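Model, not experiment: these values are computed from the prediction. In what follows, every heavy atom counts, from backbone to side chain, and hydrogens, waters and symmetry copies are set aside. Just so you know, ligand 1 is whichever comes first in the structure, and atom 1 is the first atom listed for that ligand.
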Amino acid sequence: MAEKSWEKRLSGEPDDLTVDFVESLSFDKRLYKYDIVGSIAHAQMLSEQKLITKDEFRQIKDTLIAISEEITAGKFKFDNKYEDIHMAIEASLIEKTGAIGKKLHTGRSRNDQVATDIRLWMRDEIEIIQAKITLLQKAFVKLAQKYADNIMPGYTHLQRAQPVSIGSYLLSFVERLERDFIRLNNCKILLNISPLGSGALAGSTLGLDRKKSAELLGFSDITYNSIDGVSDRDFCAEFIFDCSLIASHLSTLAEDLILHSSNEFGFVSVDDAYCTSSSMMPQKRNLDVAELIRGKTGRVFGSLIAMLTILKGQPSGYNRDMQEDKIHIFSSSDTIEACLDMARGIISHMKFNVTAIAAGLDEGFLDATALAEYLVKKAIPFREAHGIVGQLVAKCEMKKKKLCELSLDEFKQACAAIEQDVFDSLGSANVANSYITEGAAGPKQAKRQIEYWTKQLDQR
Ligand code: ARG
């Protein structure tokens, strides 16, 4: 086995426990493709700068590609002794090419190398997550299309509030996910600069062409301070924050699904494919998938706090603490990918029990606010209108009636301005169809939004 070059500096072998403690190979091996792409770009730049010959570059490149194929095929022997993926690949290159391979690390440190690798990885990962967000958005839009004309109770404080189109309810998730998509775009733009060539922290006395390697790797620019370049992990914290908000949005969805599919609500039916049963209670049909989407939020939020904690209090420059970043960016992205997939599965196969929802729609005075607005249209100041309707609701509760079941006389007793046309403003369906503000939660607005989102998402 090839000796590590720094073993010349240290007088003894590291303790076995130390070897296992410092290694990151077990989790950073998934960076191998990015490490190899980064090394090839670095080597090409070295050859263009005449720091290695063209022939040496060609041999380094071909061997690195062969190593990449070996790893992909599962034939590469990973040994923790090499600490991390960077050392493992370089050792193999040296084993295969001898003195030539020893030139690859010219003007480079693992510090700028790993900073480059994770930016490359994250750039791709963001695109995968964005694609999954788009697919979930499309599933929501499709479902919204089916149920745009159906009305359900809208809630605040989990109390019946005002009637809404089922379509509008579903589209509210499309909006949330759109912000997630844009946040990830911003993250991608900010991280897409190359730290390669920053060396350990101070750059190099060799004539490296940093813009060249950056261009080869598709970065939009280079970092302009080598000390910051090797130690900046802001984008990792940002990425995990973006994942955290996705997790939070999916958690709200999961909570809604769990509530709405319960016997108590009975609003939705989730396909059996996403349910589990109980080992004891034979009748059970549990929405464990949604519960786990909600529960896995803990992992992602935990990673956000972990990442911020890793960064806090490090002195300037690269510190080994940063090796821990990968645990959390990988965990967050894996979790979010899986949750987005499961959410899409559920939404694509979900049904609303429209008859049951409609049957209960006129419970809970969902039309009270619209009635107050009816009074406003009859020139009653809103605060007064609010009081009048409050009294009417109290009266209805006493008489076990709905607002629409009151007689015109009863209405007139409460307020002389009320006329026969009041009945057009009562009942959930009438109310939802009367919303006229832009972005309101009625069927009309839902259909307009569906049109917008269908076009928008098709262009992605
Ligand atoms: N495995 C390390 C990491 O992920 C690579 C950089 C190590 N650098 C060093 N000087 N020890 O951060």
Is there a donor in the side chain of Asn192 and an acceptor in the side chain of Arg119, or the other way round, less than 3.5 Å apart?
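Their side chains do not contain a donor-acceptor pair, so the 3.5 Å distance test is not met.
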Can we call the ring centroids of Phe173 and Tyr169 under 6.0 Å apart?
yes
Parallel, tilted or perpendicular: which one describes the rings of Phe239 and Trp121, with boundaries at 30° and 60°?
perpendicular
Applied to residues 291-310, the salt bridge (charged side-chain N to carboxylate O under 4.0 Å, His left out) test, sequence neighbours excluded, yields Glu255-Arg294
Using the six-membered ring of Tyr435, assess whether NZ or CZ of Lys444 lies under 6.0 Å from its centre and within 45 degrees of the ring axis.
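The answer is no; the distance or angle limit is not met.
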With the threshold set at 4.0 Å, does a side-chain nitrogen-carboxylate oxygen contact exist between Lys326 and Asp28?
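Not counted as a salt bridge, because no side-chain N and carboxylate O are separated by less than 4.0 Å.
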Can you work out which protein residues put a heavy atom within less than 4.0 Å of ligand 1?
Ser24, Asp84, His86, Arg110, Asn111, Val114, Tyr318, Arg320, Gln323, Lys326
